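Written below as structure tokens is the structure these notes are about.
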Amino acid sequence: MTKQKPTILVVNDDGITAPGIKVLMEEMQTLGKVTVVAPESPQSGMGHAITIGKPLRVDPVNIYPNVEMYRCSGTPVDCVKLAVNKIFKGRKPDLCVSGINHGLNNSINVLYSGTMSAAVEGAIEGIPSVGFSYDDHTFEADFENCRPYVREIASQVLKNGLQLGTLLNVNFPQGQIKGIKVCRQADAKWAEEFDERIDPYHRPYYWLTGKFVSNDRGEDTDVWALSHDFVSLVPVQFDMTAHHAIPQLNSWSFDV
């Protein structure tokens with residue numbers, strides 16, 4: 001009896017025509033049967049946003065030969081929800097992969113990232129899920145060095161599974177890669193600034209700018225791994241309970 005190929009959902013936040021999703025789709029085709037559901041336009045920085053106040057559309061498209069692909073009018077999370085409920089009709093794919101994002105999603109960026117939020121939504125649905133990101137924002141980004149690592153990490157997830165409630169955040173450095181480091185999320189954040197300008201009607205408007213600042217000197221972080229030419233692999237959970245804070249809160253006396 002022929003073993004059935006795993007079913008793999010491919011999503012992203014850069015849009016269905018982004019080069020990164022093409023690379024991810026091609027690598028997943030070596031592992032299983034691929035279905036692509038992606039936003040019709042870029043959705044970077046959308047986080048875990050969902051569409052509530054307007055209807056959603058999901059339409060089949062023929063961008064690459066012999067690939068089942070759909071473009072969605074909504075967010076990356078909408079793509080996963082629609083894929084599970086309408087395209088897979090409630091059947092869960094064996095794997096959900098998101099990316100490959102044009103730009104890193106290490107450290108605190110995991111909270112803002114549409115790429116990672118799509119993977120988180122996959123994990124919420126009980127699907128083993130991975131988000132992939134690469135340290136190059138340009139449309140012409142060269143993902144060739146990422147390919148074997150994408151394939152190997154996805155293969156390991158299909159083989160071994162992931163603990164319920166967890167997923168993987170994988171980031172790739174530019175240049176030659178030394179290997180994979182299993183890491184923790186670095187204690188780092190954006191020092192944000194707003195570039196103020198004036199429009200033709202003399203009203204101010206703002207462009208968000210800033211610098212990514214890490215004060216974490218640990219050598220077990222994603223920031224350290226990437227700066228030393230390693231792929232960073234961080235296990236992520238969507239239970240945001242600060243369990244360590246519960247005993248302190250239970251010691252408070254609420255006088256109500």
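No experiment lies behind these values; they were computed from the predicted model shown.
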Got a sec, which hydrophobics cluster with Ile246, joining ILVMFWY side chains under 4.5 Å apart, including via others?
-> none
List for me each residue that meets salt bridge (charged side-chain N to carboxylate O under 4.0 Å, His left out) alongside Asp94, sequence neighbours excluded, and say none if there are none.
-> none
Close side-chain approach of Val58 to Lys86, heavy-atom, < 4.5 Å | no
For Arg91, enumerate each residue passing the side-chain hydrogen bond (donor to acceptor under 3.5 Å, both in side chains) test, keeping only those at least two apart in sequence or located in another chain.
-> none
Residues that Lys189 engages under salt bridge (charged side-chain N to carboxylate O under 4.0 Å, His left out), provided they are two or more places apart | none
In short, Pro76 meets Asp13 closest at the heavy-atom pair CG-CB, 3.5 Å
Okay, side chain of Asn101, backbone of Ser133: is any donor-acceptor separation there less than 3.5 Å?
-> no
Measure across Ala118 and Val11 and return the closest heavy-atom pair with its distance rounded to 0.1 Å.
-> CB-CG2, 3.6 Å
Is Arg217 reaching over with its side chain to a backbone N or O of Ser214, donor-acceptor style, under 3.5 angstrom?
-> yes
When rounded to the nearest 0.5 angstrom, what distance separates CZ in Arg71 from SG in Cys79?
-> 12.5 Å
Could you pull out the closest heavy-atom pair between Asn66 and Gln29, with the gap in Å?
-> O-NE2, 4.3 Å
Pairs involving residues 237-256, ordered by first then second residue, that meet salt bridge (Lys or Arg N to Asp or Glu O under 4.0 Å) (sequence neighbours left out) = none
Which residues satisfy the salt bridge (charged side-chain N to carboxylate O under 4.0 Å, His left out) test with Glu68, sequence neighbours excluded?
-> Lys33
Ring geometry between Phe132 and Phe172 (parallel below 30°, tilted from 30 to 60°, perpendicular above 60°) = parallel
Side chain proximity check, Asp222 to Ser107, heavy atoms < 4.5 angstrom | yes
Is any side-chain heavy atom of Ile100 less than 4.5 Å from a side-chain heavy atom of Val150?
-> yes
Answer whether the closest heavy-atom distance between the side chains of Asn105 and Val110 falls below 4.5 Å.
-> no
With sequence neighbours left out, write down each residue that passes salt bridge (charged side-chain N to carboxylate O under 4.0 Å, His left out) with Glu121, or none if nothing qualifies.
-> Lys81
Ignoring hydrogens and angles, state whether a donor on the side chain of Asp14 or Ser44 is under 3.5 Å from an acceptor on the partner side chain.
-> yes
Which pairs pass salt bridge (Lys or Arg N to Asp or Glu O under 4.0 Å) with one or both residues in residues 137-149, sequence neighbours excluded?
-> Glu26-Arg147, Glu27-Arg147, Glu144-Arg147
Work out which heavy atom in Thr115 is nearest to a heavy atom in Ser113; give both atom names and the distance.
-> N-OG, 3.1 Å
Can you name the closest pair of heavy atoms from Gly15 and Ala38 and give their distance?
-> C-CB, 4.5 Å
Would you say the side-chain atoms of Thr75 pair up with the backbone N or O of Ala49, donor to acceptor, closer than 3.5 Å?
-> yes
In terms of side-chain geometry, is the basic nitrogen of Arg57 or Asp59 positioned less than 4.0 Å from the acidic oxygen of its partner?
-> no
Taking the side chain as every heavy atom from C-beta outward, state whether Ile127 and Pro93 have any atom pair closer than 4.5 Å.
-> yes
Trace of the side-chain contact (heavy atoms from CB on, under 4.5 Å) decision for Phe212 with Val223 | CA-CA 11 Å; Phe212 187 64; Val223 169; 4.1 Å; yes
Given side-chain contact (heavy atoms from CB on, under 4.5 Å), test Val157 with Leu162 step by step and report yes or no.
-> CA-CA 7 Å; Val157 172; Leu162 291 171; 4.1 Å; yes
State whether the side chain of Asp136 and the backbone N or O of Ala141 hold a donor-acceptor pair below 3.5 Å, judged by distance alone.
-> no
What are the two closest non-hydrogen atoms of Tyr134 and Cys146, and how far apart are they?
-> CD1-SG, 3.6 Å
OG1 on Thr17 to CE on Met69, rounded to 0.5 Å = 9.0 Å
Once you round to the nearest 0.5 Å, how far does NZ of Lys5 lie from CG of Leu31?
-> 9.5 Å
Is the backbone of Leu167 close enough, under 3.5 Å, to the side chain of Ser129 for a donor and an acceptor to pair up by distance?
-> no
Tell me which donor-acceptor pairs under 3.5 Å the side chains of residues 174-188 have, and how far apart each pair is, sequence neighbours excluded?
| residue | atom | partner | partner atom | Å |
| --- | --- | --- | --- | --- |
| Gln174 | NE2 | Asp135 | O | 2.5 |
| Arg184 | NE | Asp220 | OD1 | 3.0 |
| Arg184 | NE | Asp220 | OD2 | 3.1 |
| Arg184 | NH1 | Asp216 | OD2 | 2.8 |
| Arg184 | NH2 | Asp216 | OD1 | 3.0 |
| Arg184 | NH2 | Asp216 | OD2 | 3.3 |
| Arg184 | NH2 | Asp220 | OD1 | 3.3 |

Any side-chain heavy-atom pair of Phe194 and Thr209 under 4.5 Å = no
d(Ser98 OG, Asn169 CG) to nearest 0.5 Å is 10.0 Å
Interatomic spacing from CD in Gln43 to SG in Cys72 - rounded to 0.5 Å = 8.5 Å
Are any of the side-chain heavy atoms of Val97 and Ile8 separated by less than 4.5 Å?
-> yes
Please examine the side chains of Leu82 and Ile87, heavy atoms only from C-beta on, and report whether any two atoms are closer than 4.5 Å.
-> no
With ILVMFWY side chains joined below 4.5 Å, transitively, what does Val77's cluster contain besides itself?
-> Ile50, Ile52
Remaining members of Trp224's ILVMFWY cluster at a side-chain heavy-atom cut-off under 4.5 Å?
-> Phe230
With sequence neighbours excluded, tell me which residues meet side-chain hydrogen bond (donor to acceptor under 3.5 Å, both in side chains) with Asn109.
-> Asn106, Trp190
